[in-house]
Structure formats: C-alpha cells, structure tokens
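The next block holds one structure in the form of structure tokens; read it before the comments.
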Amino acid sequence: MEQTSILQEENCSLKTQEGYETVCWGCGLRLLLPSYAPVYRCGWCGAITNNMSKQHRQHWFDACTVFQDRLFVPVVLCIILSIICGGVWAVYPVVFSVISLSSVFHSISTFILAIGTLVNFCLASFTPAGQPPKILWGNYGVVVKGGLNDYTFCQFCEKPKSAQTHHCRSCKTCVLDLDHHCPFIGNCVGAANHHHFITFLFFALISNIYVLIMSTYAGLWIWPTFFYVPINLASTFRSTNLVHLVRAFIDALMNSSVVLSARAIALMYLIIASLSVSIGIGVLLYQQVQLLYSGQNYIDSLKVREGPVEGLQLKKGWENLFRIFGTRHPIFWLLPKKFKSHEK
C-alpha cells in the first residue's frame, strides 16, 4: 500500500506540468484536473468543491438581524398574552356572567388553545433548529470511499455540509433541512423544530379565529345599536351605500354609552388583532402545508423557480407529512415530538 501510494504521488507530481493540481478538502488527497474548474467532485470521497460559493461576511447585517430577532420574540409573546388575557377579561364577564356547562366548556377550550399556542411557540423559538450530525473528514485514513458524497464545504462554519444542510447567516450555524429563518420566533425552522413551528401556526390560527368569534359575539351585547341600522343587501356594494354604512357604524358606536369603556376598547382591539393575525397566519400555514405536500421546503421552492435542480426529486403526497410529524397516528401530531436525525 505504501509503495502504491508513493507511486500515485509521484505520478501526480509528474502530471502537474500538464494539468491543474489541487487538494480535496474532504479526504486530503491530491487531485489532478485537466484545467482549472471552479466546481469539481473528488473521485474517492465524493466531496464537492465549489470555489464560486465564497461570500464575504457582512457584520452590520448580522448584527441587525440578531437585534431584530431579540426584539420580535418578546413582542410576539406580548401580543399572544394580550390576546389571551384580554379575551378572558373582556369576553367572559359579558358572555358568561353565570357559571354554566357552556362556560366550563369554553374555559377548558381557552386553556387548551392558550397552552398549545404558548408551548409550541417556545419550543419553536428556543429549540435548536437542527444540528447536522458530525462526520469524519479531512484525512484519507478516516474517510471511506463515497463517505462525503454530495457534501460541500461551508465557508462560514468551516466544516462539511450535506445537500440537505444550509447555512443560516442570522443564526451563524448550519441547519439540517433548513426551511427558512423566521424573525417572529427568532430562530431558524429546520429538521428539529419544523414540527413545533407547524403546530404553533395551527394552534395560533384556531385560537385567533376563536377569539374573533367570541369577541364579535360579546360585541353584540355592548353595541346593539349598530344592528338596528337598516341595510339593503341588494345595493350594499355601491360606493355611496358603503360610505353610508361606515358612517352608520361609526354613529352607532359613538352613540353607545359604553363605547369609551375599557372593555369596549379591549373588544375592538381583539377583533382587529385576531382578524389580522388570522389572515397572516392562515396564509403562512397554507404555504407550509403546500410545500410539505409537494415534498420540498421553502429553499427548494426558490431553487425550483430558477430552473431544474440536479438530484432534487419531488414526489407529491400526504405521506410527505410523516417526514415532519413522524409515523404516529395523526391524532398525536399536535403533541411534541423528539427530533431524530435521519441523516447518517
């Protein structure tokens, strides 16, 4: 073996005058290329060298992103708590003034939705997004043939990353199955917390719809004057009638004796906040489910838009959801799941 390696080394050194000699970062072997190539693959370990992917760090951009993440997470938590606490304080005394079976049911429902939203938000925010498994590299003696197939070298982390791994410059780390970096949770969405992120969106959407319905129902008791405004549905969509309807709504609110009360202001905030948040979360949840169904993540979808991606096989089907939620029964998909790396 030693004589063979010496002969190969001598042959490489002799051929350097006719080609381009370089060293594979994966296994450390010297490679002889016919000419300079910015992208090439090692014939032994399969590692890919891409000299075109070098990027300069922008420290000011990274600092702004870190500040944004640290600012958004407490803001989102405050919004969640304000909707939960504000809904309980503003709605329950109006709708459930007397303890009944209905009030007990709604109390239990509120508790489940609140705990599910808060727990999954914290898990998605504070769980590491997915650290790639460690792999041996850099020395011919420890790297088996094809052991680094399709691996590239991360210029930022200075270690190998697989085709399913991407570097996040905001978190300053490589993430397995990176979907995107979400500023609202201050964390990347990857293999380890993608399940928590989807579950958080589901609980948040159901919770906001529930708050919107209950706040509107409580508003019926506080602003009954508005519902006596005559409305002609046949001509409602005319511009003049829409202006008239808005004016009638404002007059009805201003004529109400409780319009300036704290509970009335809280109900208006809950209706506006829950409606806007429901629309935003609903669009994001639909996008996530659509991508999961098509067998790709957000980064893959961006690559597909640019053109065909080599090695990317898309297979649509609901079985793709098992990659995120596991092989458990769908009833248990809303429960927390321990992350197990599926990469060697």
Side-chain angles (χ1 to χ4, degrees), residues 73 76-77 79-81 83-84 87 105-133 164-166 168 175-214 274 277-301 312-343:
V73 172
V76 173
L77 271 176
I79 293 176
I80 295 175
L81 292 175
I83 292 177
I84 295 173
F105 170 78
H106 282 278
S107 299
I108 296 175
S109 301
T110 302
F111 177 78
I112 294 175
L113 291 175
I115 293 299
T117 303
L118 289 172
V119 169
N120 284 282
F121 175 80
C122 293
L123 289 175
S125 180
F126 301 110
T127 300
Q131 184 177 4
Q164 295 78 31
T165 303
H166 302 278
C168 176
V175 179
L176 181 63
D177 287 338
L178 175 64
D179 186 83
H180 69 286
H181 181 87
C182 181
F184 298 103
I185 64 173
N187 194 10
C188 287
V189 178
N193 66 342
H194 204 162
H195 169 269
H196 304 312
F197 182 73
I198 298 293
T199 311
F200 161 68
L201 293 179
F202 175 80
F203 272 105
L205 179 61
I206 300 300
S207 300
N208 279 277
I209 293 176
Y210 176 75
V211 170
L212 177 62
I213 295 174
M214 297 303 296
S274 59
V277 173
S278 297
I279 295 174
I281 291 181
V283 172
L284 182 57
L285 181 60
Y286 171 77
Q287 181 193 49
Q288 287 289 311
V289 175
Q290 186 182 39
L291 290 175
L292 290 177
Y293 176 79
S294 62
Q296 57 184 333
N297 54 35
Y298 182 69
I299 294 181
D300 292 336
S301 66
L312 182 61
Q313 299 179 354
L314 301 180
K315 184 180 179 181
K316 294 184 178 181
W318 293 111
E319 59 272 10
N320 292 325
L321 296 178
F322 292 117
R323 183 171 58 90
I324 301 298
F325 295 99
T327 56
R328 302 178 298 177
H329 193 277
I331 296 178
F332 303 101
W333 282 2
L334 297 179
L335 299 178
K337 179 178 74 75
K338 186 178 180 181
F339 167 66
K340 293 182 180 180
S341 176
H342 54 77
E343 192 175 288

Next item on the list: Go through the steps for His194 and Ile198 under the test side chain to side chain contact (heavy atoms under 4.5 Å, CB included), then give the verdict.
Entry: CA-CA 6 Å; His194 204 162; Ile198 298 293; 3.7 Å; yes

Check: Which value, rounded to the nearest 0.5 Å, describes the distance between Phe325 atom CZ and Leu334 atom CG?
Finding: 8.0 Å

Notebook entry, point to check: Short question: side chain of Asn187, backbone of Ala124 - any donor-acceptor pair under 3.5 Å?
Noted result: yes

Check: If you round to the nearest 0.5 Å, how far is CG of Asn297 from CG of Leu178?
Finding: 7.0 Å

Next item on the list: Step by step, work out the side chain to side chain contact (heavy atoms under 4.5 Å, CB included) result for His180 and Phe197.
Entry: CA-CA 11 Å; His180 69 286; Phe197 182 73; 3.9 Å; yes

Check: Can Ser274 and Ile209 be said to form a side chain to side chain contact (heavy atoms under 4.5 Å, CB included), step by step?
Finding: CA-CA 7 Å; Ser274 59; Ile209 293 176; over 6 Å; no

Notebook entry, point to check: Around Tyr286, counting heavy atoms of other residues, nucleotides and ligands shown, do more than 12 lie under 6.0 Å from its OH?
Noted result: no

Check: Say you draw a straight line from CZ of Phe322 to CG of Leu292; how long is it, rounded to the nearest 0.5 Å?
Finding: 12.5 Å

Check: How long is the gap from CZ on Phe200 to CZ on Phe184, to the nearest 0.5 Å?
Finding: 10.0 Å

Next item on the list: Drop me the distance from Ile84's CD1 to Ile115's CD1, to the nearest 0.5 angstrom.
Entry: 8.0 Å

Check: Is there a donor-acceptor pair under 3.5 Å between the side chain of Asn193 and the backbone N or O of Cys188?
Finding: yes

Note to self: If you take the centroid of each ring, where Trp contributes its six-membered ring, are Phe126 and His196 closer together than 6.0 Å?
What the structure shows: no

